Amino acid sequence: MEFNRFGQIHRTAAKVVKLSYRFWQIAALAMLMGSCSSSPTTTGSPQASTSDNPAGGDAWTVGMIIVGPKNDAGWNQAHYEGMETVVKTVPGVKFEYVDKVNPGDRPNVTGAQVADDLIAKGAKMIIFNSDDFKDDALAAAKKHPDISIIHISGDYAWKEGKNFKDQKNLSNIMARMEYGKMMAGCAAALGTKTGKIGYLGPLINDETRRYASSAYLGAKYCWENYRKKNPKDLTFKVTWIGFWFNIPGKTLDPTKVADDYYNGGFDVVMSGIDTPEAATQAKKAADAGKDVRFVHYDFKEGCTLAPGICLGVPYYNWSLPYRKAVEEARSGKIPNEFVWLAPDWKDINNPETSILGFLPGKALGENTKFMDEFIKGLGDGSIHPFKGPLNFQDGTPFLKAGETATDQQIWYLPQLLAGMEGPSK
Amino acid sequence: MTKSFFYQISSFAIALIILTGMILLSGASPLAIIASMWGGAFGTLDQVARVVSTLAPLLLCASGLLFTFTAGLYNLGIEGQISFGAIVAMIPIRLFQDVLPPALVIVLAIGLGGVGGALWGLLAGALNVYGRVNEIFAGLGLNFVADGLALYLIFGPWKKEGVASMSGTETFHESLWLPTLANTDISPISLLLGIAAVVITLVVLRGTHFGLQLRAVGQNLRASYVLGIPSTRQLLSAFAICGSFAGLAGSLQVLAVYHRLIPSVSSNLGFLALLVAMLIGLNALLILPVAFFFSALNVGSLQLPLELNLESSLAGVIQGMLVLFALLGRGLSETLPPQAIRRQIAIWFDKKQTAKG
């Protein structure tokens, strides 16, 4: 009896399995279509196009390879708008670009290939806007020796650097954003009530260690000197998501990381990534009644995301170095230098003269005066956060008492600093 | 006109009409899209080279998939097999790049890549045959595992000096890069391997006892088992062969294209090859033209954002629609004879006439 019934069940099950097999074939097909036809993107932006200058005709074309979406309210938008400004102010310049050039958004496309296409369309100068393009930039420079290749945030053109490559048509441009990050850190320290600051970090490299550490130094200085508190009571934690922006399934989700900070007693989160999750999640938390604030990064208009709870934003003004590079290359000289520009301390927010600036946010309130004092001190050299004694995170000495860090020590910072939480490697 | 040809042509026409409609609805011009994708695929030497270099992994993967399709299997794990092949190919490169002669390292990397892919394929096969897990789930699951493994290695043990980055591991020495033609992306070795895979597939599936047995297994697993065909062995062989071709493609992605391991090293080429294999049915002769067409679509699609401000994923939609309708056409041709359709149309016309009259 029992055996018979078992056999019957078995046969029915086999039928069901057969039917569902057919179903899964179709489902699999549907899935396949999905995976081939859509790529994960954070924004629904059109991705690329051309900005024609009224000059038309003999336009001098600049091509840009943008790692993320051009309207990310962060790093990529700052580059995009910087070049747009150049198009508006320098006659006869044409701007072509492709954004979202990364293995998640555009599989089977490399930065060097996009450069080939832009050059085929007439570009005389190619800008790679991410550290991650350093090998693509070098490959493109080798392949097209007559084209000016500019790699943002790399060091291959730095003769005194560790990774110098003698490539005549390759330039690097970067701002001394460590100053901007110190200001950002100071704003965070002036704005925190719990004494717990979270730093939303991208991936771990020289640049990001430099920035996270600068932010910490700024925070520590202002916490001690303006808030008159003990540095031991300041928590500064870094969480690295794994890339400059969210790539679903490949990086930590910055939305969740920001939420974890805000729910875990960190009332200020500083953004170190390209996209605005620190701001958007702060806004959500604030709308739900939480007493939180954020410090934005990269993009001048960043505080408009949530003005009431924004402590400030250090931002890049790329139009300044871009205009200079374009004018130089157009005059026939292919730029081949390592450009690492400090802000114009006379007025860091002057778009004509300063590559980086800092806009204090409303949430600073009356502490804005300390902010101004701090910036003034950085400018006249009376405040020098990269001055010893300073130790690395593992306790080994970084700078002896009175010693100031060299450019190389700052650029190639090998570890986070003592007092910071979060991995160095 | 044969029955299936009639259905294939009509379904192709319907797919084109629907695609045109979709493109018009999105406010773009179909002709401009064709022109810009054509320009993007064949406009410059670099672009033609890119079409050819994308073709090589597609040929390998589509050939491999013909084995699994012949055996009646949907090997959706092909992406993972490419990735795992790429991972395994990195091992000799990392271990021996400063020790052994470059040519030997390259041969080792390609060979081990194939072995790695075969193992990953066999794993899906074992889950399917012995674990009774549907091969679609087994494959998709193993895709995630291979992807996760690549990410772990890139962010962990194999990360660049001081830098863990989505851009992948450190680029290895130039002497290990597969040579390319005239400063373009074409690697003759990759292309030869791709073409060799197609030839092997043609010969094995059409002209050998093994191919015949595989077809029998694919058409009726139970009957072939009863008739004494070692069906388990044939199923596992199909997985292993497909996996090894995919693994080879993975090793070529590392050696010829990226010169390092990157997180999405398979670049969705396995899924693209699945579309190729589905479109051509079991006709291995069609691999080359169809894979070439899809490769051109894939490469040309970069021009959509550059010139027309459109999402480049439109190319994926086009590919998907063509395959879907080809399958639909094939399915209908097996169920409805053309006469039945003609009769239906005649009845419909009659009704219209009487309604007018």
Side-chain angles (χ1 to χ4, degrees), chain A residues 17 20-21 24-25 27-39 41 44 46-50 96-100 102-104 106-110 113-114 116-121 130-136 143 203-206 209 240 242-244 247 249-251 412 414 425, chain B residues 40 43-44 46-47 50 54 74 76 79 134 136-137 140 144 147 151 155 159-160 162-168 171 183 185 257-260 262-269 271-272 274-275 278 298-299 302-303 305-317 319-321 323-324 327:
Chain A
V17 166
S20 65
Y21 186 71
W24 286 116
Q25 287 185 341
L29 186 65
M31 207 162 194
L32 203 58
M33 306 279 148
S35 73
C36 282
S37 62
S38 73
S39 51
T41 47
Q47 306 143 4
S49 75
T50 307
E96 305 238 18
Y97 63 90
V98 178
D99 71 349
K100 298 196 272 184
N102 65 74
R106 295 190 191 280
N108 203 32
V109 172
T110 67
Q113 291 174 345
V114 180
D116 287 343
D117 281 12
L118 288 167
I119 292 165
K121 289 189 76 185
S130 172
D131 177 56
D132 264 31
F133 287 132
K134 65 178 178 162
D135 297 317
D136 289 287
K143 189 167 172 180
L203 43 95
I204 309 179
N205 67 14
D206 295 331
R209 275 192 293 264
W240 309 102
F243 199 58
W244 299 99
I247 301 183
K250 312 253 159 164
T251 61
Y412 299 110
K425 283 180 180 175
Chain B
T44 66
D46 280 324
Q47 288 160 339
R50 233 176 282 157
T54 301
Y74 275 63
L76 257 72
E79 282 276 314
N134 185 304
I136 292 171
F137 289 140
L140 286 176
F144 281 111
D147 221 24
L151 275 176
F155 282 97
K159 74 180 172 205
K160 289 186 189 181
V163 184
S165 163
M166 283 289 292
S167 67
T171 308
N183 214 3
D185 291 348
V257 183
Y258 295 110
H259 311 128
R260 60 184 189 270
I262 65 163
S264 309
V265 71
S266 59
S267 301
N268 277 356
L269 292 175
F271 284 141
L272 199 56
L274 262 164
L275 293 186
M278 284 189 196
N298 185 288
V299 171
L302 182 59
Q303 291 300 310
L306 246 175
E307 289 197 337
L308 303 174
N309 227 339
L310 289 169
E311 281 280 346
S312 56
S313 47
L314 186 63
V317 177
Q319 286 155 352
M321 289 291 267
V323 174
L324 194 60
L327 289 184

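Chain letters run A, B, ... following the sequence lines, proteins first and then strands; every chain starts at 1. Please read these numbers as outputs of a predicted model, since none were measured by experiment.
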Nearest 0.5 Å please: distance from the CD1 atom of A:Ile119 over to the CG atom of B:Asp46. 9.0 Å
With side chain to side chain contact (heavy atoms under 4.5 Å, CB included) as the test, pick out the partner of B:Arg50 among A:Asp116, A:Val109, A:Thr110. A:Asp116
Among B:Ile262, B:Thr54, B:Thr44, single out the residue with the greatest number of heavy-atom pairs under 4.5 Å to chain A. B:Thr54
If you measure from CG on A:Asp135 to NE2 on B:His259, what distance do you get to the nearest 0.5 Å? 11.0 Å
Regarding A:Asp117 and B:Gln47, is there a side-chain donor-to-acceptor distance under 3.5 Å anywhere? yes
At a heavy-atom separation under 4.5 Å, does B:Phe144 approach chain A through its side chain, its backbone, both, or neither? neither
Please report the interatomic distance CG(A:Asn108) to CG(B:Leu269), rounded to the nearest 0.5 Å. 4.5 Å
Heavy-atom proximity to chain A below 4.5 Å, by part of B:Asn183: both
Derivation and outcome, side-chain contact (heavy atoms from CB on, under 4.5 Å), residues B:Leu302 and A:Gln113: CA-CA 10 Å; B:Leu302 182 59; A:Gln113 291 174 345; 5.5 Å; no
Okay, B:Glu79 and chain A: the region with an atom under 4.5 Å from a heavy atom over there is neither
